[in-house]
2 protein chains.
Amino acid sequence: MAATIKDIAKLAGVSTATVSRVLANKSAFFSEATATKVHAAATELGYQKNTAAAELVTRHSNVIAAVVNSTKTNFASQIIEGIQAEAHQHDLNVIILYAGDADPVQQRRALMTVIERPVMGILLLSVDLAPENLTLLQSSQVPYCFLSISFDGERLPYITSDDWQVGYQATQALIKQGHRRIGLAGVDSDFHTGRQRVLGYTQALKDAGITPEDEWVQLGNYSYDAGQTAMQAYGAQTELTAIVGASDMAAIGVMNQARDLGLLVPVDLSIVAIDGTELCSLVQPQLTSVSQNFYEMGIAGVQQLRSTETLPQKITPIKLVNRQSVRMLSPE
Amino acid sequence: MAATIKDIAKLAGVSTATVSRVLANKSAFFSEATATKVHAAATELGYQKNTAAAELVTRHSNVIAAVVNSTKTNFASQIIEGIQAEAHQHDLNVIILYAGDADPVQQRRALMTVIERPVMGILLLSVDLAPENLTLLQSSQVPYCFLSISFDGERLPYITSDDWQVGYQATQALIKQGHRRIGLAGVDSDFHTGRQRVLGYTQALKDAGITPEDEWVQLGNYSYDAGQTAMQAYGAQTELTAIVGASDMAAIGVMNQARDLGLLVPVDLSIVAIDGTELCSLVQPQLTSVSQNFYEMGIAGVQQLRSTETLPQKITPIKLVNRQSVRMLSPE
DNA sequence: AAAGCCATTGTAAACGTTTGTGTAAAGTGA
DNA sequence: TCACTTTACACAAACGTTTACAATGGCTTT
């Protein structure tokens with residue numbers, strides 16, 4: 001059996017209270033002599049603290065739970081790095097839970113495991129909570145904040161990029177290079193994030209005096225497949241000269257499908273991706289992107305959890321990163 | 001304040017023991033009537049179980065911790081999916097911890113957070129534990145198993161592919177297509193895994209009557225950069241006609257650097273990647289790979305944790321997946 | 001009607017910590 | 001030397017559960 005402070009107390013010939021205080025380093029509560037005795041006993045017994053027990057009495061935990069939607073896109077790791085960096089600064093630990101891909105059952109499972117034990121706060125990375133799970137989360141009294149996702153009516157705390165701007169700037173980047181027939185591929189209009197991107201996209205076109213056609217935006221779930229499917233729908237004979245991929249994955253799907261259709265990127269077709277993860281520089285040609293600052297989202301997320309104020313919504317900056325997938329279109 | 005079973009007991013007019021029993025659904029220990037009363041009270045109070053407290057007394061937990069090395073390769077998510085699938089079958093929950101990239105401090109932090117609270121077992125995904133952290137892990141009395149990594153002398157439980165075979169088969173695949181001057185790029189010979197791959201590679205060459213040159217294997221840490229650096233070392237005028245990438249990332253690094261050097265894959269240079277994650281089919285040309293069965297590693301990992309037997313070491317199968325990065329070399 | 005059994009519920013101890021309160025010994029100042 | 005403060009420690013309660021054991025009452029059996 002694992003050693004407890006009781007065992008240490010017996011071995012060192014002191015009370016458990018003293019052991020606890022020495023181990024917690026509550027200085028000015030014990031003498032040097034006993035401290036050394038206690039430490040010696042602790043190491044001799046191979047003592048490991050039972051934090052769960054401690055948390056039970058202090059009613060306070062130092063772990064942050066990050067619940068991530070295991071979608072096939074990979075920005076989560078960047079957010080998590082941000083979370084960890086900021087958390088560790090404040091002596092917080094972070095655990096990560098996979099919540100499946102928009103699967104209410106898995107979501108509930110993940111939520112339950114964190115709600116049922118003491119956590120200091122919950123960060124939800126890009127997860128669309130089913131309504132019943134949102135209720136569950138809210139009733140749990142644990143502070144939480146959504147990351148990389150936004151909501152419309154509900155007053156929920158979230159931190160994300162300005163999705164309207166994301167759509168606008170991606171489109172505008174293409175327009176500036178002379179493109180006028182521009183698609184948007186793989187975006188999910190069922191949720192606020194996607195709708196905003198579509199809106200930004202549309203406005204950018206309108207601001208340039210372009211009337212978008214309905215077929216220009218192909219819906220999807222941001223995945224590689226969504227990008228592929230979208231490009232198939234556009235077809236080899238498409239009138240489009242450029243496409244905004246709703247995510248890096250979608251953009252890659254578009255690009256690869258385009259190649260299969262005999263279209264060369266960027267010669268025949270320009271592409272701008274949304275997200276700007278490392279994937280963009282892995283593929284050939286490297287994808288120009290509207291990049292989100294995921295790392296900062298993570299940092300802001302734990303700050304939000306730590307702060308008492310419930311200023312609930314925050315925007316992290318985006319920026320256009322030029323790589324190789326867009327070409328300047330000479331006026332026809 | 002969150003409601004406890006005490007509150008429920010008071011509201012329902014029963015003892016906490018009874019509440020505990022109906023909530024745990026210990027049937028044949030309570031009547032229908034009280035059950036409904038208790039459930040009503042529980043929902044009215046928005047009761048959330050404090051699992052930490054329960055685990056304290058039962059001395060038993062149902063969470064598995066997966067500690068992952070946040071290296072820049074991405075097979076971890078596949079292993080995790082395997083872990084989750086198998087875990088959920090047995091009503092186990094899984095939490096994930098990032099242990100940094102071979103950083104002893106972060107490793108220790110991750111290890112501590114799981115050791116200090118009740119977990120049923122620990123799975124370590126591809127993490128090279130610093131010696132002091134290994135000691136820590138072993139002294140914790142918690143069952144553990146390494147995944148996707150192997151060890152030499154020490155008797156540690158691990159589940160992984162046969163790395164010697166991985167190296168052998170990747171090389172052999174190239175030899176079968178007529179290649180004889182074959183490189184190995186980005187492999188880390190500081191650890192057993194990498195050494196085995198080199199050994200397999202070397203043996204495959206020898207079996208084909210080829211004497212490998214020292215410069216053919218370029219060491220590295222499996223990363224994209226390692227692949228790039230290796231390819232730079234080979235140079236545009238390289239005698240090699242084919243290269244085994246030590247990982248998907250390394251292979252992509254090799255491929256992109258080759259392109260920058262003016263070498264076309266697979267026309268001028270053939271590539272076989274090791275790992276076979278989705279990345280292989282994302283890039284162009286798609287990478288032929290020796291694919292590991294990461295999903296099954298995850299499954300086997302939780303099985304190992306659940307089983308009492310300490311059969312410590314297990315091998316998961318690999319297979320060659322032909323894609324587009326290898327070309328048949330006509331005999332000169 | 002006594003004895004025994006079963007179903008249902010309550011009592012209380014236990015898990016491993018933290019911490020408020022109490023107290024003996026030691027130190028301080030006159 | 002005495003009153004007082006400080007230091008160093010112990011005692012015991014508390015956190016929210018589970019569960020062994022005891023207790024109650026009704027029912028069956030003879």
Side-chain angles (χ1 to χ4, degrees), chain A residues 1-39 41-42 45-63 112 115-119 140-142, chain B residues 1-39 41-42 45-63 112-113 115-120 140-142:
Chain A
M1 269 305 88
T4 72
I5 55 168
K6 237 177 250 179
D7 303 319
I8 298 180
K10 203 181 305 177
L11 185 58
V14 296
S15 73
T16 61
T18 302
V19 175
S20 173
R21 288 194 254 254
V22 170
L23 260 26
N25 207 14
K26 292 231 186 304
S27 36
F29 268 102
F30 52 84
S31 67
E32 267 311 309
T34 46
T36 42
K37 265 194 308 185
V38 168
H39 282 127
L45 295 171
Y47 172 73
Q48 287 296 347
K49 172 169 172 167
N50 184 331
T51 301
E55 287 174 343
L56 184 58
V57 17
T58 59
R59 307 145 131 282
H60 170 277
S61 165
N62 70 152
V63 353
M112 272 309 206
I115 288 177
E116 282 189 350
R117 40 206 100 219
V119 298
S140 77
Q141 310 280 26
V142 184
Chain B
M1 272 303 91
T4 73
I5 56 169
K6 238 177 249 177
D7 303 320
I8 298 180
K10 203 182 303 174
L11 185 58
V14 296
S15 72
T16 61
T18 302
V19 174
S20 174
R21 286 192 264 252
V22 341
L23 258 26
N25 206 13
K26 292 230 184 306
S27 36
F29 268 104
F30 52 85
S31 68
E32 268 312 309
T34 44
T36 42
K37 263 195 311 185
V38 168
H39 282 128
L45 295 172
Y47 171 73
Q48 289 294 348
K49 172 168 171 169
N50 183 331
T51 299
E55 288 173 342
L56 184 57
V57 18
T58 60
R59 310 149 128 280
H60 169 278
S61 165
N62 72 152
V63 352
M112 272 310 207
T113 56
I115 288 176
E116 284 188 350
R117 41 206 98 217
V119 298
M120 181 236 144
S140 78
Q141 309 280 26
V142 184

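If you're wondering where the values come from, they're calculated on a predicted model, not measured in any experiment. Within every chain, numbering begins at 1; the chains are lettered A, B, ... in the order of the sequence lines, protein sequences first and strands thereafter. Just so it is clear, the values below take in all heavy atoms, side chains as well, and ignore hydrogens, waters and symmetry mates.
- Between the P atom of C/dT19 and the CD1 atom of A/Ile5 lies a distance of 11 Å, rounded to the nearest Å.
- Residue A/Thr34 places at least one side-chain N or O closer than 4.0 Å to OP1 or OP2 of D/dC9.
- No contact: B/Thr51 has no heavy atom under 4.0 Å from any strand.
- OP1 or OP2 of D/dA10 sits under 4.0 Å from a side-chain N or O of A/Ser15.
- Using a 4.0 Å heavy-atom cutoff across all strands shown, B/Ala17 reaches at least one base atom of the nucleic acid.
- As a whole-Å value, the separation of B/Glu55 CD from D/dT18 P is 11 Å.
- When all heavy atoms of A/Leu23 and A/Tyr47 are compared, the closest pair comes out as CD2-CE2, 3.7 Å.
- Checking the phosphate oxygens (OP1, OP2) of C/dT17, no side-chain nitrogen or oxygen of A/Thr58 falls inside 4.0 Å.
- Taking 4.0 angstrom as the limit, B/Arg21 places none of its side-chain polar atoms (N or O) nearer than this to OP1 or OP2 of C/dG10.
- When atom types are taken as modelled, the side chain of A/Thr58 and the backbone of A/Ala54 share a donor-acceptor pair closer than 3.5 angstrom.
- Regarding A/Arg117, its CZ atom lies at a distance of 21 Å from the P atom of C/dC15, rounded to whole Å.
- Among the protein residues, B/Gln48 comes within range of the sugar-phosphate backbone only, with heavy atoms under 4.0 Å from sugar or phosphate atoms but none that close to a base.
- Between B/Val57 and B/Ala28, the residue anchored nearer the 5' end of DNA chain C, judged by the nucleotide with its closest heavy atom, is B/Ala28.
- Taking atom CG on B/Leu56 and atom C1' on C/dA14, their separation rounds to 9 Å, with Å as the unit.
- Counting non-hydrogen atoms under 4.0 angstrom, B/Ser20 reaches a base of the nucleic acid.
- A/Lys6 has no side-chain polar atom (N or O) that falls below the 4.0 Å cut-off from OP1 or OP2 of C/dT17.
- When each of B/Thr16 and B/Ala53 is assigned the nucleotide of DNA chain C with its nearest heavy atom, B/Thr16 is the one assigned upstream, toward the 5' end.
- For the pair A/Glu32 CD and D/dA8 P, the computed distance is 10 Å after rounding to whole Å.
- Listed pair A/Thr4 / C/dC15 fails the phosphate criterion, with no side-chain N or O lying under 4.0 Å from OP1 or OP2.
- Rounded to whole Å, the distance from CG on B/Asn25 to C1' on C/dT8 is 16 Å.
- Listed pair B/Arg59 / C/dG16 meets the phosphate criterion, a side-chain N or O lying under 4.0 Å from OP1 or OP2.
- The minimum heavy-atom distance between A/Ser61 and A/Pro118, with the atom names listed, is OG-O, 2.9 Å.
- At a threshold of 4.0 Å, the pair A/Glu55-B/Arg117 counts as salt-bridged, since one of the basic side-chain nitrogens sits closer than that to a carboxylate oxygen.
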What verdict does the side chain to side chain contact (heavy atoms under 4.5 Å, CB included) test give for B/Phe29 and B/Thr18, after you've listed the backbone C-alpha separation in whole Å, the side-chain angles of each residue and the deciding distance to 0.1 Å? CA-CA 8 Å; B/Phe29 268 104; B/Thr18 302; over 6 Å; no

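- Residue B/Lys49 places at least one side-chain N or O under 4.0 Å from the OP1 or OP2 atom of D/dT18.
- Between B/Leu45 atom CG and D/dG16 atom C1' the separation is 15 Å, expressed in whole Å.
- Under the side-chain contact (heavy atoms from CB on, under 4.5 Å) test applied with B/Lys37, the options B/Val14, B/Val22, B/Leu11 reduce to a single match, B/Val14.
- Between A/Asn50 atom CG and C/dT17 atom C1' there is a gap of 7 Å when expressed in whole angstrom units.
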